[in-house]
Amino acid sequence: MANPLLGIVLGSASDSQHAYTIGKILDELGIPFEVTISSAHRTPEDVVSYSISSKKRGIRAIIAVAGLSAALPGVIAAHTDLPVIGVPVASGSLGGIDALLSITQMPPGVPVASVGINGSKNAAILAARILALIDDNISEKLAIWAEEQKRKVQVSRAELQDLPLVSEEIFTKE
Ligand code: RP5
């Protein structure tokens with residue numbers, strides 16, 4: 001099995017669904033990855049040691065998934081110069097706005113890229129685009145994947161043309 005190029009860090013086991021979403025896309029693109037759970041607030045030492053060791057172990061980008069005050073992506077970015085993508089999770093009273101602001105409002109010099117709330121699919125694709133810069137195989141798979149997405153939209157459009165329009169049904173009833 002190939003060494004992982006991408007690290008996925010979840011702030012909690014309750015964020016696991018995002019690892020599945022990300023992992024599915026990475027599998028499709030043939031990108032080896034690893035997943036861990038580590039909390040910036042509950043296990044800060046573990047987050048630091050993971051961040052410091054990642055680059056030496058061959059990791060080339062990190063996706064950090066966290067809800068609520070979501071310090072995780074920022075703490076990781078403070079301890080590595082690898083690109084870090086944050087996924088703000090919709091949880092708690094503020095529905096993810098808290099996590100989105102925490103992840104995007106990093107101080108100058110310690111950047112974290114953020115996708116939208118629950119945007120784990122885009123995080124996977126963005127990470128793949130970063131890795132594609134150093135790996136032609138990933139670049140080719142990404143191009144094929146994008147073509148497939150395009151084809152799905154075109155198929156949906158063609159299928160729609162065969163369906164009766166809702167508005168037509170309404171007019172028929174009158
Ligand atoms: C964050 O708090 C986690 O990333 C999770 O999204 C949220 C709730 O965590 P649990 O209380 O479910 O562990 O740290």
Side-chain angles (χ1 to χ4, degrees), residues 4-42 47 50-51 54 59-135 138-139 141-157 160:
L5 287 175
L6 185 82
I8 303 170
V9 186
L10 306 175
S12 165
S14 62
D15 301 321
S16 296
Q17 71 195 62
H18 296 279
Y20 289 112
T21 303
I22 294 164
K24 186 169 179 290
I25 295 199
L26 297 177
D27 277 341
E28 286 173 25
L29 296 172
I31 299 174
F33 63 94
E34 64 181 19
V35 185
T36 189
I37 298 173
S38 209
S39 163
H41 298 112
R42 294 161 173 160
V47 172
Y50 180 87
S51 310
S54 292
I59 297 293
R60 292 294 171 255
I62 294 174
I63 297 177
V65 181
L68 303 179
S69 69
L72 182 63
V75 172
I76 293 172
H79 291 91
T80 178
D81 59 6
L82 292 173
V84 177
I85 303 166
V87 179
V89 173
S91 61
S93 328
L94 300 183
I97 292 290
D98 40 5
L100 177 68
L101 296 180
S102 294
I103 291 172
T104 52
Q105 293 304 110
M106 287 294 291
V110 190
V112 169
S114 180
V115 291
I117 296 170
N118 287 345
S120 36
K121 190 169 180 182
N122 267 355
I125 298 162
L126 180 55
R129 287 183 175 190
I130 292 169
L131 296 172
L133 293 171
I134 54 164
D135 189 317
I138 296 174
S139 182
K141 288 221 168 92
L142 204 46
I144 293 167
W145 187 87
E147 271 305 310
E148 179 62 13
Q149 301 309 303
K150 189 166 139 182
R151 200 190 59 79
K152 281 182 187 166
V153 174
Q154 289 167 339
V155 168
S156 314
R157 188 192 305 142
L160 184 66

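Fair warning: this is a prediction, and the values are worked out from it, not measured in the lab. Note that these values count all heavy atoms, side chains included, but never hydrogens, waters or copies made by symmetry. Counting from 1, the numbers follow the sequence of the chain as shown.
Of the possible polar contacts, one joining the Ser102 side chain to the Ser69 backbone as a donor-acceptor pair under 3.5 Å is found. In terms of modelled atom types and a separation under 3.5 Å, the side chain of Asp27 and the main chain of Lys24 share no donor-acceptor contact. Here the side chain of Asn118 pairs a donor or acceptor atom with the backbone of Ala90 at under 3.5 angstrom.
Rounding to the nearest 0.5 Å gives a distance of 9.0 Å between OG of Ser51 and CG of Leu82. Put simply, CD1 on Ile134 and OG on Ser139 are 11.5 Å apart, with the number rounded to the nearest 0.5 Å. How far OG of Ser12 is from CZ of Arg42: 6.0 Å, rounded to the nearest 0.5 Å. Atom CG of Leu26 and atom CD1 of Ile138 lie 9.0 Å apart (nearest 0.5 Å). Rounding to the nearest 0.5 angstrom, the gap separating the CG atom in Asp15 from the CD1 atom in Ile8 is 12.0 Å. Distance check: Tyr50 OH to Thr80 OG1 gives 9.5 Å after rounding to the nearest 0.5 Å.
Nearest heavy-atom pair, Val115 versus Ala123, reported as atom, atom and distance to 0.1 Å: CG1-N, 3.6 Å. Residues Ala128 and Ile31 approach most closely at CB-CD1, 3.6 Å, considering heavy atoms. Across all non-hydrogen atoms, the minimal contact from Gly11 to Ser39 is O-CB, 3.5 Å. Residue Pro73 comes nearest to Ala66 through the heavy atom pair CD-CB, 4.4 Å, listed as atom of the first residue, atom of the second, then distance. The minimum heavy-atom distance linking Lys121 with Thr21 is given by the pair N-CG2, 4.0 Å. A pairwise comparison of heavy atoms in Ile59 and Pro4 identifies CD1-O, 3.5 Å as the closest pair.
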Run the side-chain contact (heavy atoms from CB on, under 4.5 Å) test on Ile22 and Phe33 for me, step by step, so that the C-alpha distance in whole Å, both residues' side-chain angles and the decisive distance to 0.1 Å come before the verdict. CA-CA 10 Å; Ile22 294 164; Phe33 63 94; over 6 Å; no
Pair Ile130-Arg60, side-chain contact (heavy atoms from CB on, under 4.5 Å): steps then yes or no: CA-CA 9 Å; Ile130 292 169; Arg60 292 294 171 255; over 6 Å; no
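Sequence neighbours left out, not one pair with a member in residues 99-118 passes salt bridge (charged side-chain N to carboxylate O under 4.0 Å, His left out).
The only option from Ile76, Ile103, Leu72 that meets the side chain to side chain contact (heavy atoms under 4.5 Å, CB included) definition with Val84 turns out to be Ile76.
For Arg151, the salt bridge (Lys or Arg N to Asp or Glu O under 4.0 Å) partners at least two apart in sequence or on another chain are Glu148.
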